[in-house]
Amino acid sequence: MTIDYDAKMPETQDGTEVYNVDPLIVKSHYEIDYIHSYAQDSEFFRALGKKKLMGSKCRKCGYTYATPRGHCMMCGSETDWYELPNEGRVHTYTTCYFGSEKFLPETPFNLIMVEFEGVDSLFMARLIGADQEDIKIGMKVRAKFRRNLQISPTDVYFVPAKE
Amino acid sequence: MKHKGQNVYMVSGGVTKFSKATPEMDFRLRVKKAFDYAVNDIHLDLKDIDGSVASYFSDHFQRQLMSGIMVQDYLGLTPKPSKRIEGGGATGGLAFQTGYEEVASGRMDVCAVYGFETMSHVNTWKGNEFIALASDTNFDYPVGGFYTGYYAMMAVRHMHEFGTTVEQLAKVSIKNHGNAMHNPYAQSPMKLTVEDVRNSPMVSYPLTRLDVCTMSDGAAVAILASEDKAFELTDHPVLVKSIGTGTDTMRLSDRPFLKVPLLANEKESDYRNLKYPGVHSFRAGRTAAKEAYDAAGITDPLNEIDLVELHDAYTSSEVQTYEDLGLCRYGEGGSFVEEGKSALNGKVPVNPSGGLLASGHPVGATGIMQSVFMFWQLQHSIKKHFKDDTLQVKNAKRGLIHSHAGTGTYVTVSVMEAVR
């Protein structure tokens, strides 16, 4: 028999942070580590370590993507990896002066969509080495790669390139 | 696309006042307030409701999964059928259309569609992070991680492609914040000038603080019914004439460069050199409009639609959406607002309620809020519900509501008509 009529929960000191009492508002913390797989897109991230930017090309219809994409959205067929040019042009841009909490410390930063000659779709990246006023649509940009990888699409970034 | 099924009517609606934070109510009580308003307006009995659709976007904001069933439970609607619908910013519009389908299919005679979002449980920048998780988390979130940034890039390209100006974008902000001065449910009524908009802090070039909507707490409820039931419940039901839905790629980068899908009032020669949608336009919006127009027999939207409530999370997206909806040609959106065509007294008033920019954007409630404001407009009951008839569009017979998810991934268009 394990019945204990004097059972008692142990008292602890890990209380709760309170912001207000009416209504009662408390701090609720949440944190988690995921075991995230890049799955069929893994090659894109591995290639960045070899200073290569990889896109996808449809085996059947030949549509070319500046992004990793296992299957073609135009015809549904499998794609093959192919290496994108090192230089492209700014298709559009912005400078973010605010951002999500995670990126606030990095503001202001520039975002660009890059167009590559002969490629059917665009690539989104950060642009450094230029202020908002310096960036123009059509401006030539060049891909650069981090030496110490973060295994993130930001392992490639762009800088202005000479015409 | 076939549209066969029973006629669907909206018979009542309710909205809570949207605000930055309402910690004295949780999401269940907030929905209950909007629900009771709708129920009491037509003396509806809980027994008359056959089932429901729950509309909310993010599980992150509350860190509560299955919030939908908690609302269903709180409203006293268990054990009736219900489901949750989610599709980013278009969640409300998609849920409204799901309610439509429940009735059109003949499954339900009366369906309650309720939407809510509680965004105040995290700070604004954390909230932006949660919203950015609705972009591709392998490729887009780690690079930008900020929806205003994505829309800003679309706006820059629209300006490049068509000559749209930041002053024209500011006119949207002025119009919508100004309209909201007469909407007691709106979060941010303001009288603004172009200078106010341009001088407010830059968020992502070219969008300033006043070009962008805010985070909100809020709830909204729409009650839909079959024809027999609708006229039993109210003398002034509003017909949901047709629905349309479109989609586009998650990554902006993947948007193709094709030809414009033409509406009945457009010609191929209108867009000889335009690559579409690229990142300047919302193909999903055009697709949704085309489906809804075809089903409603609309061939000249500017002259056949009396007013519009559309998804203006950004001033630029309102301008882009005029074009998707065919209220003007692609490229004419900037001058459309500048010439006052979308003003309260213009050719087709757009966002007479103040839109998302001024009413607020508690995501899951937003698309349903639009249906409620449109319902009141078409019932000509704005004065009763707003205690002010300034915003009542005098000739309101046919209205369009438009709900839109991140960079135009999901877009819904629903056409509503007054019947008497």
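Lettering of chains follows the sequences in order, A, B, ..., and the numbering in each one begins at 1. Note that the coordinates shown come from a computational prediction; the quantities given were computed from them, not determined experimentally. Computed over heavy atoms, backbone and side chain alike; hydrogens, waters and symmetry mates excluded.
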Calculate, to the nearest 0.5 Å, the distance between atoms CD1 and CE belonging to A:Ile137 and B:Met153 respectively. 11.5 Å
CG on A:Leu122 to CZ on B:Arg251, rounded to 0.5 Å: 11.5 Å
Using a cut-off of under 4.5 Å for heavy-atom pairs, which of B:Tyr147, B:Tyr150, B:Phe139 has the most such pairs with chain A? B:Phe139
A:Glu117 atom CD: more than 12 heavy-atom contacts under 6.0 Å: no
Residue B:Leu252 versus chain A: region with a heavy atom under 4.5 Å: both
Would you say that more than 12 heavy atoms from the other residues, nucleotides or ligands in this model lie under 6.0 Å from the CE of B:Met66, or not? no
Smallest separation among heavy atoms of B:Pro142 and A:Ser152, with atom names: CB-OG, 3.9 Å
Which heavy atom of B:Phe257 sits nearest a heavy atom of A:Asp120, and at what distance? CD1-O, 3.6 Å
The interface call for A:His36 against chain B, heavy-atom contacts under 4.5 Å, is side chain
Applying a strict 4.5 Å limit to non-hydrogen atoms, the region of A:Leu24 in contact with chain B is neither
With no hydrogens and no angle check, is any side-chain donor or acceptor of B:Arg63 less than 3.5 Å from a backbone partner on A:Tyr30? no
For the interface with chain B, which of A:Lys102, A:His91, A:Met113 has the highest count of heavy-atom pairs at distances below 4.5 Å? A:His91
OG-CZ distance between B:Ser253 and A:Arg69, expressed to the nearest 0.5 angstrom: 10.0 Å
I'd like to know if B:Lys126 pairs up with A:Glu101 as an ion pair, taking the criterion as any Lys NZ or Arg NE/NH1/NH2 lying under 4.0 Å from an Asp or Glu carboxylate oxygen. yes
Hey, could you give me the CG/CZ distance between B:Asp254 and A:Phe123, rounded to the nearest 0.5 Å? 11.0 Å
Does any backbone or side-chain atom of A:Leu111 lie under 4.5 Å from a heavy atom of chain B? Answer side chain, backbone, both or neither. both
Are more than 12 heavy atoms, taken from residues, nucleotides or ligands other than B:Lys275, located less than 6.0 Å from that residue's NZ atom? no
Heavy atoms from other residues, nucleotides or ligands near NZ of B:Lys17 exceed 12 (cutoff 6.0 Å): yes
I'd like to know if the side chain of A:Gln132 reaches the main chain of B:Tyr205, judged simply by a donor and an acceptor atom lying under 3.5 Å from each other, with no hydrogens or angles considered. no
Can you see which heavy atom on B:Phe146 is nearest to which on A:Cys96, and at what distance? CD2-SG, 4.0 Å
At their closest point, which heavy atom of B:Gly144 faces which heavy atom of A:Phe109, and how far apart are they? O-CZ, 3.7 Å
With chain A as the partner, which of B:Gly127, B:Pro206, B:Gly145 has the greatest number of non-hydrogen pairs under 4.5 Å? B:Gly145
Is it the case that more than 12 heavy atoms not belonging to A:Lys140 sit under 6.0 Å from its NZ atom? yes
Between A:Thr94 (side chain) and B:Ala152 (backbone), is there a donor-acceptor pair under 3.5 Å? no
Could you report the tightest heavy-atom contact between B:Asn138 and A:Phe45, atom names first, then the distance? O-CZ, 3.9 Å
Roughly how far, to the nearest 0.5 Å, is OG1 of B:Thr249 from OH of A:Tyr65? 9.5 Å
Counting C-beta onward and ignoring hydrogens, is there a side-chain heavy-atom pair between B:Met154 and A:Thr92 closer than 4.5 Å? no
Let me know if B:Thr124 has heavy atoms under 4.5 Å from chain A in its side chain, its backbone, both or neither. neither
Roughly how far, to the nearest 0.5 Å, is the CG atom of B:Leu133 from the OG atom of A:Ser100? 8.0 Å
Please say whether more than 12 non-hydrogen atoms of neighbouring residues, nucleotides or ligands are located less than 6.0 Å from CD1 in A:Ile3. no
Let's test your reading of the structure: which of B:Val156, B:Asn128, B:Val143 forms the most heavy-atom pairs below 4.5 Å with chain A? B:Val143
Heavy-atom distance under 4.5 Å to chain B: side chain of A:Pro108, backbone, both or neither? neither
Should B:Met25 and A:Pro23 count as side-chain neighbours, where that means a heavy-atom distance under 4.5 Å? no
A:Phe103 and B:Tyr141 aromatic centres sub-6.0 Å: yes
Using a cut-off of under 4.5 Å for heavy-atom pairs, which of B:Thr137, B:Asp140, B:Thr148 has the most such pairs with chain A? B:Asp140
